Structure formats: structure tokens, C-alpha cells
Novice: 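Got a structure here, written out as C-alpha cells. Questions coming.
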Amino acid sequence: MLERFVEQTRFSSQEDFIKNFKVNVPENFNFGYDVVDAWAAECPDKKALLWTNDKGECIQFTYAGLKKYTDMTASYFQSLGIGKGDKVMLILKRRYEFWFSIIALHKIGAVAIPATHLLTKKDIIYRCEAATIKMIIAAGEGVILQHIVDAMPQCPSVEKLLSVGPEYPEGFEDFHKGMESAAPFVRPANANTNDDIMLMYFTSGTTGEPKMVAHDFTYPLGHITTACYWHNLHEGSLHFTIADTGWGKAVWGKLYGQMIAGANIFVYDHEKFTPSDILKKIHDYRITSLCAPPTIYRFLIREDLSKYDLSSLEYCTTAGEALNYSVYETFLKITGIRLMEGFGQTETTLTLATFPWMEPKPGSMGVPNPQYQIDLLKPDGRSAEDGEQGQIVIRTDKGKPLGLFKEYYRAPELTREAWHDGVYYTGDVAWRDEDGYYWFVGRADDVIKSSGYRIGPFEVESALMTHPAVVECAITGVPDEIRGQVVKATIVLAKDYKAKAGPDLIKELQDHVKRVTAPYKYPRVIEFVEELPKTISGKIRRVEIREKDNG
């Protein structure tokens, strides 16, 4: 399958990758037909998706099965009046019906909008109105169904509600009954062009209302790099990305690139994250590839790993935050596996990564994906030198790179603000070392300017997180007459340290930061809190802390 889209599939160095990696984009590419159905025609018994849950259920879907069920689902959706361009919100947690639904929507040219089950009534109303959502498909459990019901009087665009069970409140159709009684699927004559919108995400921005990030039908091909050259997958891989389907990370790690690579995708549908359960799944199912944020690895290495056989693991990746060196070293010592970092946004595919032919530098995002022309820009518009901080940008003057978003839907002014004059501004600040590796500093809005220094919150937070007293923390700048700004740490303490909150612990934490990173970055102000303000996706809202401090 990979050979259909990529002329050269294996690479020996970054130079080889930059020079020879090229994706061939077919006309009117459709992931449902050109990948899922193509595998079903060529290798019907090939393993596609291994779904398990915390109730002991396990289903292995083949490509023949996946084609059958996505065709049935697509026909059912058509019978409900869903067609090209219609917006459908998927609130399906880790249920296997997510894969039936999203692939079926691709096949009929509709627009899939994955969403988290953490949405409230207000969130649902906002999304339905902003995107003119026509149908909602939900996991039939928990409070989300009630929130949907409560929102409906203010969501006139929504015509159909489906539940995949086990609960079916009044007003919801039974997804499985509808799918099973659907007529044979007839493929639409013109499901899509490459430029049509296929997928949208509401980004949980740390300021303002969420933006709608729209991707076109070529977006899945942008994830060839993600799966084949970051996750390093092959046709014998059983790959496990830890992510709920409501977040963009799910299609990064549990769908597009993995199926193009021919890997079997492992899904664990669970209510509560338990490190021992994850380790048991690796042990029991002989998982070969794992991708998770550093926080997950921190939890895993705290377990008694001698209880689990992790020898099936071949390759592990991480993203979402900087990797702490001690976590990298401990995981390497226990498993013999180097954690390979990567970076990207909802608006992109993988933009920077540590690739298999590279030596990782723990804490670094790696080097640019050849699909993107990456630069670091200073505030005055010049490119940053090695060692200088600058905003990560993607140059698009030679055309839109494969995998970069199409637009912020229905928000041309926001699109122009972030993407103009042939440059897309990510809003993230980083620096590049002499070997070409990039290091994350923080969001452009969050960088603190103190006594002439530019201090990124990420590095100070990472330093604080290595102290056992700190469960979570947020670094912000507070106004200071002499220095302009000083560094403030807002900290959630571990249970054993809460009674010790006071001047002695503050000094201990300040001294700790001075030892771990450059002393001028230490937090001169420390506040202990019970919890940090966050967006619905769990991102810390530093803007809220700043507003409170500024009165």
C-alpha cells in the first residue's frame, strides 16, 4: 500500500529522507476507498483493528470486515439524509463505532467532526451553531447523552441523533439496528475532490472560543510520515497510541498513517487510565509499538515492571510535552528502547520529529519533516540563528504542504492572522541547536521577558516537575517595576507535601530550579493552588492566571 503513494519507502539518513521522500497524491483521493477498500480487495484477511475494552471484550477486525461495516454504516447515513459536505459530530470515546463512522463519512463525502465526551451543554450548542452540524453520533453512556438532549432546543441544524448503546434516550436512533437494516451501499458518483473538507476539529484554544480547523481529503496522506517514519511501523506492527477519539492525536496514531503502513491498530476502550492495565495489555497482546505523552511514561516506569513481559515492544514514541531526561533514561534502562519525540498541531501533521536513523536528544522535538519548510522567525521578521529563540513557522510560498490545514472554517480573518504572505505562524516558540535539533520554549503569548531575558514557561515547568512535591505547575510572568516581568510558578502539590506548603518549601523549589536549569529562570513568585485552570482538552489556561494576577 505504501508503495502506491511513496516512490522510495526506506531511508538511511536525514539527508536521504529530505532528498528522496515524495508523496504522490492521486486525483480525488478518498481514504475510505483508496486505502481501506483497497486493502480489503488485495488482502481481505489482513488485520486492521484490534479492539479491546476494560470488560474483557476483544474483537479483531480485518479489512474485509472493516469494508463491510463501513459500507453498511455509509448506507445507513445516506438513508438519514447525510451526504456530501454535511457535518457530523462523533462523540464516541474509544468505541469501535468511531472507525465505522469516520470511514463511512469519508466514503460519502461528508465532514467528520470528532469531539470529546467531556463537552457540556454550552459546548455542544456552540459547536452545532458554529459548524451547522446535521447529525450527532454518541457513545450511549455517561452524562454526555443528557448534555446533548439539553442542548437540542438551541441546535436547530441538528436533524438526527444516534446512540451506539447501551443507552438509547428518547430522540436517539439505535446505530446498530440502523446499520444492520441498511440497503446495500451504492458508492456516490462524485464523493469528493482533494480540496473538499473531510475533517474538522474544534481546537481548545487557551484564549477565546475554539477555532474550527478544517482539513481536506489529502490530509491522511500527510500522516505517512507520522506512521512510517516516526512510529516506524511495518506490516507486522501492532501499534498502540494512547488517545481518546475526540482529540486529533487519535487520527495521528489510530487511523490514517497506520492503515497506509499496513499495521494492525490496537485500541483499549477504558473509563479510567490505570498504568498497570496498559502494561498488562502490552504483555497480553504482544504490542510492538507504543505512542503516548511523557506523562504516561512517567506513570509506567513507577510500576513494578518485572511483573510484565515487555519484550514484544520494538519502538516507542512520545509527544505533547518535553520529555524529561530521567524518564528517557529509566525507560531505556528497563526496556532497551529509546523514546523518540515528535511535534505537531491540530492544524498540521507531524512537523518535527526524531526519526529512526537519528540519535535522540531527550527533550528535543527533533528535526523538520521534509513535507514542511520549517523556519524560526524573530519578532523583526528575520530568521533566527542557531541558539536563538524564534516562532516556529511553515513557509508556504511554494504551495500548501501536504497535511497542513485548509483554513479556520468560517473565520477568514483568523486564517489570515495566522497564515499570510506565504507563511503559517504556529504560535509556538523554539530554538535550534548546532546539530539542527529543535527545542520547544512555549507559546509565543506565554514567553516571559525578564531583565532582557526571554524565558519560556516550558523549560521552567519541566524543571519543577522533576521535584517530587510538584504534581502540576504553570509558569507565567507577573509585572515587576525593575525587571519588567518576573517568573511566577502556580503549583499543585503532591498529597504528601500539602502540609509543608510555606516559605521553606518555596525556597527548596526555587533552589531546585536553579540547579536543574539556568539560575536566572527560577520562579521568584510561587503560589500553591488546589487545581490549575484548564481548557476542555486539558491545556493549562495561563491567560487566566495572568488576568487574575494583573487584576
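When reading the values below, keep in mind they use all heavy atoms of this one structure, side chains included, and skip hydrogens, waters and symmetry mates. Given the structure is predicted, the values throughout are model-derived calculations rather than measurements.
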Novice: Should Cys291 and Ile242 count as side-chain neighbours, where that means a heavy-atom distance under 4.5 Å?
Specialist: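 A side-chain contact under 4.5 Å is absent here.
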Novice: Does the side chain of Gln345 come under 3.5 Å of the side chain of Tyr424 through a donor N or O and an acceptor N or O?
Specialist: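 Side chains of Gln345 and Tyr424: pair found under 3.5 Å.
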Novice: Before accepting this row, confirm whether a basic side-chain N of the pair Asp549/Lys488 lies closer than 4.0 Å to the acidic partner's carboxylate O.
Specialist: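 Yes.
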Novice: Are Phe405 and Tyr219 an aromatic pair by the rule of ring centers under 6.0 Å?
Specialist: no
Novice: Does the ring centre of Trp431 sit less than 6.0 Å away from the ring centre of Phe440?
Specialist: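 They do not qualify: ring centres at least 6.0 Å apart.
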Novice: With a 3.5 Å cut-off and no angle check, do the side chains of Asp375 and Ser383 form a donor-acceptor pair?
Specialist: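 Side-chain D/A pair, Asp375 to Ser383: present.
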Novice: Is it true that Arg546 and Asp446 make a salt bridge, defined as a side-chain N closer than 4.0 Å to a carboxylate O?
Specialist: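 Answer for the salt bridge query: yes.
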Novice: Would you say the ring centroid of Phe17 lies under 6.0 angstrom from that of Phe355?
Specialist: yes
Novice: May I ask you to decide whether Glu547 forms a salt bridge with Arg542, counting only side-chain N to carboxylate O separations under 4.0 Å?
Specialist: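 No.
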Novice: Give, for atom OH of Tyr328 and atom CG of Leu339, the distance between the pair rounded to the nearest 0.5 Å.
Specialist: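 Taking OH in Tyr328 and CG in Leu339, the distance rounds to 7.5 Å.
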Novice: For Glu388, is there an ion pair with Arg432 - N to carboxylate O distance below 4.0 angstrom?
Specialist: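 So Arg432 does not pair with Glu388 through a salt bridge.
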Novice: Quick test of your reading: applying ring pair (Phe, Tyr, Trp, His ring centres under 6.0 Å), list the pairs with at least one residue in residues 470-490, sequence neighbours left out, ordered by first then second residue.
Specialist: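 Listed once each, the pairs would be none.
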Novice: Check His270 against Asp54 and note the closest heavy-atom contact, atom names and distance.
Specialist: CA-OD2, 3.3 Å
Novice: What distance do Leu90 atom CG and Leu199 atom CG have between them, rounded to the nearest 0.5 Å?
Specialist: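 Result: 9.0 Å between the selected atoms.
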Novice: List the steps and the verdict of side-chain hydrogen bond (donor to acceptor under 3.5 Å, both in side chains) for Asp123 and Thr120.
Specialist: CA-CA 5 Å; Asp123 299 321; Thr120 62; 2.9 Å; yes
Novice: What distance separates Thr218 OG1 from Asp195 CG, expressed to the nearest 0.5 Å?
Specialist: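 So the OG1 of Thr218 and the CG of Asp195 are separated by 8.0 Å.
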Novice: Restricting to pairs with a member in residues 403-423, which pass salt bridge (Lys or Arg N to Asp or Glu O under 4.0 Å), not counting sequence neighbours?
Specialist: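 Sorted pair list comes back empty.
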Novice: Could you list the residues that satisfy salt bridge (charged side-chain N to carboxylate O under 4.0 Å, His left out) with Asp480, not counting sequence neighbours?
Specialist: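 So Asp480 forms no salt bridge (charged side-chain N to carboxylate O under 4.0 Å, His left out) with any residue.
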Novice: Would Tyr425 and His420 count as a close aromatic pair, with their ring centres under 6.0 Å?
Specialist: yes
Novice: Just to verify, what does Val529 make a side-chain contact (heavy atoms from CB on, under 4.5 Å) with, not counting sequence neighbours?
Specialist: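 In terms of side-chain contact (heavy atoms from CB on, under 4.5 Å), with neighbours along the sequence ignored, Val529 is linked to Thr490, Val492, Glu527, Leu532.
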Novice: Under the salt bridge (charged side-chain N to carboxylate O under 4.0 Å, His left out) test, which residues partner Asp216, sequence neighbours left out?
Specialist: Lys400
Novice: With sequence neighbours left out, what residues match Asp428 under salt bridge (charged side-chain N to carboxylate O under 4.0 Å, His left out)?
Specialist: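 So Asp428 forms a salt bridge (charged side-chain N to carboxylate O under 4.0 Å, His left out) with Arg443.
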Novice: Measure from the side-chain N and O atoms of Thr349 to the backbone N and O of His223, and report whether any donor-acceptor pair falls under 3.5 Å.
Specialist: no
Novice: Write down the atom of Lys378, the atom of Ala384, and the distance for their closest heavy-atom approach.
Specialist: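 Shortest heavy-atom contact: CD-CB, 3.9 Å.
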Novice: Does any N or O in the side chain of Thr517 come within less than 3.5 Å of the main-chain N or O of Val513, such that one atom is a donor and the other an acceptor?
Specialist: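 Checked: no pair found.
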